[in-house]
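What you see below is based on every heavy atom in this structure, not just the backbone, and it leaves out hydrogens, waters and symmetry mates. In what follows, chains are A, B, ... by sequence order, proteins preceding strands, each numbered from 1.
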Amino acid sequence: MSGLQLYNTYTRQTEAFRPIHDNIVGLYICGPTVYGPPHLGHVRGPVVFDVLRRYLEFQGFKVRHVRNITDVGHLVGDGDEGEDKLSKQARLEQLEPMEIAQTYTVAYNEMSRRMNVLPPNIEPRASGHIIEQIEMIEAIVNAGLAYKANGSVYFDVLAYAKSHDYGKLSGRILDDLIAGAGNEARELEGQDEKRNPNDFALWKKAAPEHIMQWSSPWGKGYPGWHIECSAMSRKYLGDVFDIHGGGMDLLFPHHESEIAQSTACTGHNPARFWVHHNMITINGQKMAKSLNNGIQVEELFSGNHALLEQAYSPMTLRFFILQAHYRGTLDFSNEALQAAEKGLQRLWNAAETAKKLPVSENSEYNITDIHEACLKSMNDDLNTPQVIAQLFEAARVSNSAADGKIKLDQVNIHALNELFDTWMVSILGIQPEKEGNDSALDGVMQMLLQMRAQAKADKNYALSDEIRNKLTALGFVIKDGKEGSSWSI
RNA sequence: GGUCGGAUGGCCGAGAGGCUAGGCACGGGUCUGCAAAACCCUCUACACCGGUUCGAAUCCGGUUCCGACCUCCA
């Protein structure tokens with residue numbers, strides 16, 4: 001009944017979404033590796049899939065949303081032999097690896113909260129599912145699709161490819177993988193243990209000094225990166241679930257490998273739909289350490305970064321992200337952010353205006369049309385930019401009705417308010433941002449504004465301007481509206 | 001080098017064989033003691049060269065540029 005059409009990376013087609021179970025949707029999203037503070041790139045996925053989840057729930061589905069925390073298992077790969085990212089960062093900061101993971105997990109969740117991303121129903125950690133991962137690796141070994149080598153276990157890609165299509169998801173051809181790209185010798189540690197360079201680690205032997213290690217049938221070690229998602233998605237959503245999401249950069253090798261692992265173990269591609277969002281660029285360039293253009297989320301919120309002309313609020317960022325389609329690249333710039341900020345403000349003003357519109361006998365506009373258009377856009381592979389365009393149409397109607405240029409009856413005024421509530425707040429997840437001005441300050445400000453209003457009424461403009469000028473000098477912005485003055489900092 | 005994707009008005013960004021995307025900026029106007037804000041209206045674009053078609057920004061071929069992935073990455 002959903003009507004939702006979703007682009008499935010696996011089939012490279014837009015398909016009608018139907019859940020496996022009647023009204024329940026299993027949704028697994030690849031979460032962050034928690035070894036550093038969240039940056040802009042970390043924000044898009046949570047927001048995009050939050051909107052998907054909200055829309056599914058709006059349609060009456062019960063969603064089980066699982067998003068993992070990767071706190072173990074990533075090889076550093078640039079010369080730091082066998083050391084994983086968390087251990088490396090721990091060494092640098094002189095902390096326990098779990099301390100690092102905890103710090104940045106908290107930071108990531110705080111970012112999500114400020115972005116108004118609903119918390120996942122389950123947030124499993126890789127380090128808490130070592131047993132499940134070992135069991136899965138054993139199953140793959142027993143299936144003859146993995147082999148042991150010097151205390152490590154590798155997935156045998158060539159053996160798997162005899163009966164399965166390794167490379168289908170990411171559009172890769174195994175022969176090309178074997179032949180091409182190999183002009184540069186891989187520096188990946190343990191390469192000489194592999195039967196084939198494309199084999200990937202399921203379990204890695206740990207050196208004695210390695211901090212993060214667990215006992216296994218193959219000795220002390222730690223799991224490879226890809227196996228955690230296979231194990232955790234299976235545990236909480238079953239062998240086959242509805243949607244697996246993540247960034248396009250995870251297509252290969254991560255998701256390709258997940259499919260291979262799960263298939264080797266259960267015989268099934270674990271997800272019906274593979275959904276991928278595109279990446280974020282800054283001023284037309286990708287974010288990279290070498291380009292020195294990485295922006296942390298905190299820096300964006302505070303404006304404290306060389307590339308930023310000002311601070312941008314979480315809702316501005318969220319709105320900005322949703323103004324582009326999730327499968328296109330999204331380019332950051334001050335101009336674009338400022339445009340989003342102003343546009344969002346306009347929407348808010350109109351939504352407030354809609355709450356106190358004059359009621360007419362008849363109606364010159366049918367608000368239901370806008371609602372229908374929103375549904376249609378959303379069903380078309382989550383076309384949030386079009387939904388937002390519809391909201392701006394609603395804003396125009398709201399403002400025009402307030403000016404008496406368009407007549408709306410009670411039914412349509414109600415529908416208009418509901419439209420903003422449903423689409424802007426519930427589905428797109430855009431919430432009003434109250435900076436939490438403390439009431440004492442507001443009390444003082446109201447007093448000043450009243451005194452100024454009195455001065456204006458007395459035509460004592462010298463005094464009213466003096467009050468405004470002095471407040472301006474202190475950083476306050478005073479706006480005179482039709483219904484009195486307002487202030488902000 | 002291989003694979004895939006993209007080039008839309010000053011900026012961001014949808015769409016897609018004929019019909020307004022939308023936002024921001026610019027311009028005009030309304031409101032206003034002034035200012036700011038707010039609101040209304042306006043601006044009419046699709047990289048280049050061929051082709052198909054009554055008609056192409058949208059389809060086909062070629063060219064140029066850009067990006068992502070191929071190694072950890074959201």
Side-chain angles (χ1 to χ4, degrees), chain A residues 12 29-33 35-36 38-49 70 73-78 84-85 108 167 170-173 175-177 179-184 186-188 198 225 245-254 276-281 284-289 319-320 323-325 327-347 349-350 353 373 377 380 383-393 395-396 398-400 402-403 405 456 459-461 464-465 468-469 472 477-482 485-486 488:
Chain A
R12 293 173 194 280
I29 307 298
C30 286
T33 303
Y35 68 103
H39 62 258
L40 281 185
H42 287 117
V43 180
R44 194 175 191 187
V47 168
V48 164
F49 292 114
T70 299
H74 267 198
L75 294 172
V76 168
D78 52 2
D84 76 32
K85 281 186 175 181
Y108 186 81
S170 54
R172 247 149 269 251
I173 296 160
D175 288 343
D176 293 345
L177 285 173
N183 25 21
E184 301 294 321
R186 287 272 181 284
E187 291 298 324
L188 260 185
N198 295 291
W225 175 32
M248 278 186 182
D249 53 341
L250 298 180
L251 228 33
F252 188 91
H254 186 53
H276 293 92
H277 69 261
N278 215 137
M279 313 310 276
I280 280 173
T281 58
Q285 289 184 303
K286 71 168 177 176
M287 277 196 289
K289 277 184 184 153
F319 184 71
F320 173 72
Q323 263 191 309
H325 186 83
R327 285 198 289 115
T329 52
L330 174 60
D331 190 49
F332 259 76
S333 65
N334 280 286
E335 266 188 306
L337 264 294
Q338 283 158 13
E341 184 175 56
K342 291 192 178 175
L344 179 58
Q345 191 55 51
R346 182 169 138 78
L347 240 32
N349 292 341
T353 302
S377 297
D380 181 15
N383 198 326
T384 53
Q386 283 191 350
V387 172
I388 289 171
Q390 292 300 329
L391 288 176
F392 276 109
E393 167 68 4
R396 204 202 96 239
S398 180
N399 290 328
S400 296
D403 282 356
K405 289 175 185 165
K456 282 170 70 175
K459 298 209 186 299
N460 184 353
Y461 297 122
S464 70
D465 286 353
R468 184 173 63 195
N469 290 340
T472 302
V477 179
I478 305 303
K479 294 174 187 172
D480 294 346
K482 280 180 185 168
S485 303
S486 62
S488 57

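A:Ser377 comes within 4.0 angstrom of nothing in the nucleic acid, heavy atoms only. Among the atoms of the strands shown, only primed sugar atoms or phosphate atoms (P, OP1, OP2) are found under 4.0 Å from some heavy atom of A:Gly247. Here A:Met248 lies out of heavy-atom contact (under 4.0 Å) with every strand. Residue-level contact check: A:Gly45 touches neither bases nor backbone, having no heavy atom under 4.0 Å from any strand. Within the nucleic acid shown, A:Gln338 has no heavy atom closer than 4.0 Å to any nucleic acid atom.
Atom P of B:rU20 sits at a distance of 24 Å from the matching atom of B:rA25, rounded to the whole Å. With P as the reference atom, B:rC60 and B:rA7 are 14 Å apart, rounded to whole Å. Between B:rG51 and B:rG15, the distance separating the two P atoms is 30 Å to the nearest Å. Only the P atoms considered, B:rA45 is 11 Å distant from B:rA57, to the nearest whole Å.
Remark: C1' of B:rC24 and CD of A:Gln323 are 9 Å apart, rounded to the nearest angstrom. Atom CG of A:Asn198 is separated from atom P of B:rU3 by 16 Å (rounded to the nearest Å). The distance between atom CZ of A:Phe320 and atom C1' of B:rC12, rounded to the nearest whole Å, is 7 Å.
Side-chain proximity of A:Lys405 to the nucleotides B:rC40, B:rC70, B:rA35 is greatest for B:rC40. Ranking B:rC12, B:rC24, B:rA74 by closeness to the A:Ala336 side chain, first place goes to B:rC12. Of the candidates B:rG33, B:rA14, B:rC70, the closest approach to any side-chain atom of A:Lys456 belongs to B:rG33. Each of B:rG22, B:rA14, B:rG33 was ranked by its minimum atom distance to the side chain of A:Asp465; first place goes to B:rG33. Here the side chain of A:Asn383 is nearest to one of B:rG15, B:rC70, B:rA38, namely B:rG15. Distances from the side chain of A:His39 to the nucleotides B:rA74, B:rC11, B:rC70 place B:rA74 closest. Nearest nucleotide to the side chain of A:Ile280, out of B:rG2, B:rG15, B:rA74: B:rA74. Among B:rA14, B:rC39, B:rG22, the nucleotide with an atom closest to any side-chain atom of A:Asp403 is B:rC39. Here the side chain of A:Ala339 is nearest to one of B:rG33, B:rG23, B:rC72, namely B:rG23. With distances taken from any side-chain atom of A:Asp331 to the nucleotides B:rC12, B:rC40, B:rG2, the minimum falls on B:rC12.
Annotation: of the two residues near RNA chain B, A:Leu330 and A:Asp380, the 5′-most nearest-nucleotide partner is A:Leu330.
For A:Asn399 and B:rA38, the shortest distance from a side-chain N or O to OP1 or OP2 is not below 4.0 Å.
Base pairing of B:rA68: its partner is B:rU3, meeting the Watson-Crick or G-U wobble criterion (both donor-acceptor distances under 3.5 Å).
Residue A:Arg468 places a side-chain atom within donor-acceptor reach of the base of B:rC34, judged by atom type and a 3.5 Å distance cut-off alone. For B:rA38, the base has no donor-acceptor partner in the side chain of A:Arg346 [N/O atoms by modelled type, under 3.5 angstrom].
Put simply, A:Phe392 does not rest on the base of B:rG23: the two rings are not both less than 5.5 Å apart at their centres and under 30° in tilt.
Checked by atom type and distance alone, the side chain of A:Ser398 never pairs as donor or acceptor with a backbone atom of A:Ala395 at under 3.5 Å.
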